[in-house]
Undergrad: 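Structure incoming, see below.
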Amino acid sequence: MIRKTTLSLMTLLALCFNAIAAPAMAPKRDLGYAEYYLKEFEAEVKRAGGNANTLFRYKNEALSRVQALVKAYPEDPAVQALYERTRAALMMSKGDFKQITPAMVAYLNNERELRERYAALSKAKWNELQQGRDILTKVFPTVDPLKNTEETNPVNKTIVLPDVKYPDNQFVGGSGEYIVVGKPSTGFYFVNIGGREWLGPYEAIKRFRREVDGSLGDSLNFTVLGKITGPAMEIPGNRRSNLAWGWVVEPEALYIDGHIVATFDANHDKSGSYVEEDKVAGIKEGWYTEKAVPQDATPERVMEIFLTAIKEKNYDLYLQCINPERQATETAESLLRYHWDLHQQRLHGEYVHAEFSDTKIVVHKGHDDKNDLENFFLDDAQRDQLIRMQGEKVEHATVKSRAYDANGKQVGEKNTHRLIRKGGGRWYIDDYEVRF
């Protein structure tokens, strides 16, 4: 009896020891619910493709359920496995990251050095333009045109007029197109922008933005050097409803402090230029890491060269990458410049680099000599006949881009770019407008 009691006690103690030693296991039901929400979260992350701005509907539910399991059953291997999966999915949901190398942002350093050079040249040129001129010393308040006298008459005097904001303060009046400067309490100046005196220097500023300084936006603040040509009565802009007198200013030079000065030149083929414009191409030539598109370049390689052309401000190479059919008219040329400016702004404010992948190529027209399934049933004569019948082969390709900011974080989602190739020639970008 004593021996049976001892054996029973030992068995009970062994069971208690095992119960204490064995880790607590999570109920299968709780594991199942947690894994369901985690799978949904993982699927959302995969669909996002590295875009951190996605709304993840299952994220919080998945995290909270796995967290509760880890706290209650920290030693359960199944719970630990869910924890590791959740950690991985959470990091992926924060966006894709990439190490940004100096080579990827070399274009920013090159441009900064060039911008500083032209800022110094422009400041010296701006001071030179004012030397020996009879410049109006008192800009505001303006001389009242109705009370003007021979002593106060500003006509034909040179004026240096700050805060000339274009296109913000542009308006079309009864006597011309102007930028208004001033206010009712101090009087107005109307900078004439209807003639070559404005358009020549302004177009030069746009070339400077395209060729040198991508940090300049569309809304610009100029200091204008010009001559006062006479008074005019206008309704100065949509924000002011009353007629007002002002002095018309004919511009001679436009200056953006810290950036560039451009001048009007009646003999120049474009009616104006910025300081040392003729030297820019030679300076930038030393930057270029890509100078042409190889005939055998893959769609991804064409996209890489296209991105480099924009980074390094190589407009000619930019055009080489684009389908010639999209460059055939004046309107097309204008759109090319417009989207060049947009690409420049994005590479100076939104992202600094992009990578390309996931190329897919389809034959849009003509015989597909790589379609092994069809070609299996054709002999050489039939294939030759199909090639003649179906005409020039036209292929379309799609390439995915993934852009990164200066910190290496992916910006937005992947974007699709379309390219075209005809007759077995080289690939050209068809929708060059798409952001990276």
Side-chain angles (χ1 to χ4, degrees), residues 114-115 117-119 121-133 135-136 155-173 175-181 189-230 232 247-284 313 315 330-331 333-338 340-341 344:
L114 190 61
R115 187 165 60 240
R117 170 190 170 95
Y118 273 84
L121 288 170
S122 296
K123 184 175 182 179
K125 180 67 174 179
W126 179 247
N127 292 334
E128 178 188 323
L129 289 170
Q130 298 176 64
Q131 291 177 1
R133 303 289 294 271
I135 297 177
L136 192 70
V155 175
N156 292 326
K157 286 190 175 180
T158 300
I159 186 171
V160 175
L161 191 59
D163 294 324
V164 181
K165 297 177 181 178
Y166 179 82
D168 297 17
N169 292 340
Q170 171 194 15
F171 74 97
V172 178
S175 60
E177 187 176 6
Y178 303 104
I179 301 172
V180 60
V181 181
Y189 292 98
F190 304 140
V191 179
N192 183 11
I193 61 173
R196 293 165 58 197
E197 291 79 5
W198 164 267
L199 293 174
Y202 177 66
E203 289 295 329
I205 295 287
K206 288 170 66 177
R207 291 195 300 274
F208 174 78
R209 180 178 63 187
R210 185 173 303 126
E211 298 166 359
V212 177
D213 189 353
S215 68
L216 291 176
D218 292 323
S219 184
L220 300 173
N221 192 344
F222 298 101
T223 298
V224 170
L225 176 71
K227 276 192 175 182
I228 298 174
T229 60
W247 296 100
V248 176
V249 177
E250 200 74 58
E252 296 178 17
L254 309 180
Y255 180 51
I256 303 177
D257 189 18
H259 294 274
I260 194 64
V261 63
T263 55
F264 169 68
D265 183 353
N267 298 318
H268 192 274
D269 60 348
K270 296 178 181 176
S271 298
S273 62
Y274 60 84
V275 59
E276 293 197 2
E277 181 174 357
D278 58 334
K279 296 183 180 180
V280 169
I283 295 172
K284 292 197 301 181
K313 296 190 183 301
Y315 192 73
E330 288 187 10
T331 300
E333 291 176 358
S334 178
L335 284 171
L336 285 163
R337 291 190 292 270
Y338 171 75
W340 167 271
D341 291 342
Q344 291 290 329

Undergrad: Measuring from Asp168:CG to Asp163:CG, what's the distance to the nearest 0.5 Å?
TA: 11.0 Å

Undergrad: Run the numbers on Thr223 and Asp257 for side-chain contact (heavy atoms from CB on, under 4.5 Å), then give the verdict.
TA: CA-CA 8 Å; Thr223 298; Asp257 189 18; 5.9 Å; no

Undergrad: Quick one: list whatever passes ring pair (Phe, Tyr, Trp, His ring centres under 6.0 Å) with Tyr178, sequence neighbours left out.
TA: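 Testing Tyr178 for ring pair (Phe, Tyr, Trp, His ring centres under 6.0 Å), a comparison that skips the adjacent residues, returns Phe171, Phe190.
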
Undergrad: Side-chain contact test, heavy atoms from C-beta onward, threshold under 4.5 Å: evaluate it for Trp198 versus Asn192 and give yes or no.
TA: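 The answer is no; the side chains never approach within 4.5 Å.
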
Undergrad: Is Glu252 close to Leu129 at the side-chain level, that is, under 4.5 Å between some pair of heavy atoms?
TA: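 No, too far: nothing below the 4.5 Å cut-off.
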
Undergrad: Before giving the answer on salt bridge (charged side-chain N to carboxylate O under 4.0 Å, His left out), spell out for Arg209 and Asp218 the whole-Å C-alpha distance, their side-chain angles and the decisive distance to 0.1 Å.
TA: CA-CA 10 Å; Arg209 180 178 63 187; Asp218 292 323; 3.0 Å; yes

Undergrad: Is there a side-chain contact between Ile205 and Ile260 (heavy atoms, below 4.5 Å)?
TA: yes

Undergrad: Could you grab the distance from atom CZ of Phe222 to atom CG of Leu161, nearest 0.5 Å is fine?
TA: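 Answer rounded to 0.5 Å: 12.5 Å.
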
Undergrad: Please report the shortest heavy-atom distance between Lys313 and Val212, naming the atom on each side.
TA: CE-O, 3.0 Å

Undergrad: Give a yes or no on this: more than 12 heavy atoms of other residues, nucleotides or ligands lie within 6.0 Å of atom NZ of Lys227.
TA: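 Counting neighbours around NZ of Lys227, 12 or fewer heavy atoms of other residues, nucleotides or ligands fall under 6.0 Å, so no.
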
Undergrad: For the atom pair CD (Glu330) and CD (Glu333), what is the distance rounded to the nearest 0.5 Å?
TA: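 It comes to 6.5 Å.
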
Undergrad: Does some side-chain heavy atom of Leu121 sit less than 4.5 Å from a side-chain heavy atom of Tyr274?
TA: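 Not touching, per the 4.5 Å side-chain cut-off.
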
Undergrad: Could I get the full list of ring pair (Phe, Tyr, Trp, His ring centres under 6.0 Å) partners for Trp340, not counting sequence neighbours?
TA: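 Applying ring pair (Phe, Tyr, Trp, His ring centres under 6.0 Å) to Trp340 gives Tyr315, Tyr318.
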
Undergrad: Distance check, rounded to the nearest 0.5 Å: Arg117 atom CZ versus Ser122 atom OG?
TA: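 Answer for the CZ-OG pair, Arg117 versus Ser122, is 10.5 Å.
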
Undergrad: Name the orientation class of the two ring planes belonging to Tyr118 and Phe208 (parallel below 30°, tilted from 30 to 60°, perpendicular beyond 60°).
TA: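 Plane angle between 30° and 60°, so tilted.
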
Undergrad: Would you say Arg337 and Lys206 make side-chain contact, with heavy atoms under 4.5 Å?
TA: no

Undergrad: By the side-chain hydrogen bond (donor to acceptor under 3.5 Å, both in side chains) test, which pairs, at least two apart or in different chains, include something from residues 262-271?
TA: Arg196-Ser271

Undergrad: Check Ser273 against Arg207 and note the closest heavy-atom contact, atom names and distance.
TA: CA-NH2, 3.9 Å

Undergrad: Would you check if Ile193 and Tyr202 make a side-chain contact, meaning some heavy-atom pair closer than 4.5 Å?
TA: no

Undergrad: Within the structure provided, determine whether Tyr189 and Ile228 are in side-chain contact (heavy-atom separation under 4.5 Å).
TA: yes

Undergrad: May I ask you to test the Arg133-Leu225 pair for a side-chain heavy-atom distance under 4.5 Å?
TA: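 A side-chain contact exists here, since the closest heavy-atom pair is under 4.5 Å.
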
Undergrad: Look at the side chain of Lys284 and the backbone N and O of Glu211, then say whether any donor-acceptor pair between them is shorter than 3.5 Å.
TA: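 Indeed, once roles are kept as given, a pair shorter than 3.5 Å links the two residues.
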
Undergrad: Please name the pair of heavy atoms, one in Pro167 and one in Ser219, separated by the smallest distance, quoted to 0.1 Å.
TA: CD-CA, 3.9 Å

Undergrad: Grab the two heavy atoms, one from Trp126 and one from Ala253, that are nearest each other, plus how far apart they are.
TA: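 Closest heavy-atom pair between Trp126 and Ala253: CZ3-CB, 4.1 Å.
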
Undergrad: Look up atom OH in Tyr255 and atom CG in Asn127, then write down how far apart they are to the nearest 0.5 Å.
TA: 7.0 Å

Undergrad: Just do the side-chain contact (heavy atoms from CB on, under 4.5 Å) check on Ile179 and Lys165 with the steps written out, would you?
TA: CA-CA 7 Å; Ile179 301 172; Lys165 297 177 181 178; 5.6 Å; no

Undergrad: What are the two closest non-hydrogen atoms of Glu277 and Gly272, and how far apart are they?
TA: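 Shortest heavy-atom separation between Glu277 and Gly272 comes out as OE1-O, 4.5 Å.
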
Undergrad: So how far is it from Glu250 CD to Ile159 CD1, rounded to the nearest 0.5 Å?
TA: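 Atom-to-atom, Glu250:CD and Ile159:CD1 are 13.5 Å apart.
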
